[in-house]
Amino acid sequence: MIKKTWYGPVLQLEMARLFEGKPVYTMACYYVDGLLIDTGPVHVSDEIEEAFKDLPVNIIVNTHHHEDHIGNNIVFQQKRGVEKILAHYKAVERIQRPETWIQRLRAYQHIAWGSPPPSKAQVIGETVETANYQFKVIHTPGHSDDHICLLEPKKGWLFSGDIFIREELKTLRSDENFHEILASLYKLYQYEFSTIFCGSGKIIMKDAKKALKQKIEYFERIKEEIFALYDKDKDIEEITRQVLGEESVLYGPTEGDFGKINLVKSVLTGSEC
Ligand SMILES: [Fe+2]
C-alpha cells in the first residue's frame with residue numbers, strides 16, 4: 001500500500017504491506033520539490049513506479065539505514081536514473097552492503113518490510129538544496145547512530161525520521177540508546193520549526209516545538225523515576241512495571257525488539273551524553 005497525501009508542497013507517502021487488507025507497521029516517506037526523503041520498504045517496490053509516475057525525483061536522502069527507509073533506493077536508481085542518494089557517512093556502507101547487517105533482522109521485520117537490496121549512496125553534506133528550498137542536515141543519533149533530520153528553516157519544516165515518533169513513547173527498540181535520543185531531542189530543540197514530519201506518518205502542524213519540549217520533559221521525568229527506583233534496589237522488571245506499566249503487546253510479536261523493558265535497560269546501561 002502506498003497512500004499519498006499532500007500537505008501544501010510536501011507530499012506524504014505512507015507505505016505498508018497489507019495483511020488481510022490492513023496495513024502492518026506503516027512508515028512514511030516525504031517528497032518535496034524533487035527531493036525524496038526515504039524510499040520505503042522493499043515489500044511495496046511493485047507500487048513505486050505508479051506512485052511516482054508524475055513526480056520527478058532528483059535527490060534522495062535516507063534518514064538512516066533501516067530496512068523500511070532504504071528498501072526502494074534501487075528502484076529509483078535503476079528505473080528512474082536517480083544518481084544522488086545521500087545519507088550520513090555511517091549509513092553509506094550499510095546501504096551499499098546490507099548483507100553486513102540484515103542477519104540481525106527479526107521475523108517481524110522480514111514480514112513487515114523485507115530485506116533491502118544494495119544500492120549506491122553518497123555521504124551527505126551539511127545542506128541539501130532543491131530548486132526552491134535549502135535543507136539543513138542535523139545528525140541525531142539514538143534511534144540509530146547514523147540517523148539524520150532535515151530542517152528547512154524558512155518553511156519551518158522538520159523531517160524527523162524515526163527520532164521523534166510521539167510525545168510519550170513508552171517502548172524502545174532493543175538497539176536504541178535512550179540517552180543519545182534525549183541528547184538529539186535537545187539538539188533539535190535549539191532550532192526553530194513549526195511542523196514535524198515523522199517517519200512514522202505522524203505530522204505535527206500545531207505547537208511542534210511544544211510537542212518536542214513535552215517529549216524532552218517526559219524523557220527527563222521517566223529517567224528520574226527509573227534511577228530513583230534503581231537506587232531502591234528494585235529489579236528491572238519491577239521498575240518497568242512501576243514507571244511504564246505492563247509490557248507492550250508488541251514485545252512478543254517482535255521477539256523483544258519493541259519493549260518497555262528495553263527503555264529501562266537503556267536508561268540504566270546506556271552511557272549518558
Ligand atoms: Fe528506523
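Note that ligands are numbered from 1 as they come in the structure, with each ligand's atoms numbered from 1 the same way.
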Charged N to carboxylate O below 4.0 Å: is that the case for Lys53 and Glu50?
->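 A salt bridge links Lys53 with Glu50.
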Considering only N, O or S atoms of [X], the one closest to the Fe ion (ligand 1):
X	value
Asp162	OD2
His66	ND1
His64	NE2

Does [X] put an N, O or S atom under 2.8 Å from the Fe ion (ligand 1)?
X	value
Asp68	no
His143	yes
His69	no

Mind checking whether Asp38 and Ile70 have side chains closer than 4.5 Å, heavy atoms only?
-> no
Checking salt bridge (charged side-chain N to carboxylate O under 4.0 Å, His left out) against Glu192, which of Lys209, Lys155, Lys154 comes through?
->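 With Glu192 as partner, salt bridge (charged side-chain N to carboxylate O under 4.0 Å, His left out) holds for just one option, Lys209.
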Interatomic spacing from CG in Leu172 to CZ in Phe178 - rounded to 0.5 Å =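 Nearest 0.5 Å value for the CG-CZ distance: 7.5 Å.
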If you draw the axis of the six-membered ring of Phe219, does the NZ or CZ of Lys215 fall within 45° of it and under 6.0 Å from the ring centre?
->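 Judged by the rule (NZ or CZ under 6.0 Å from the ring centre, within 45° of its axis), Lys215 counts as positioned above Phe219.
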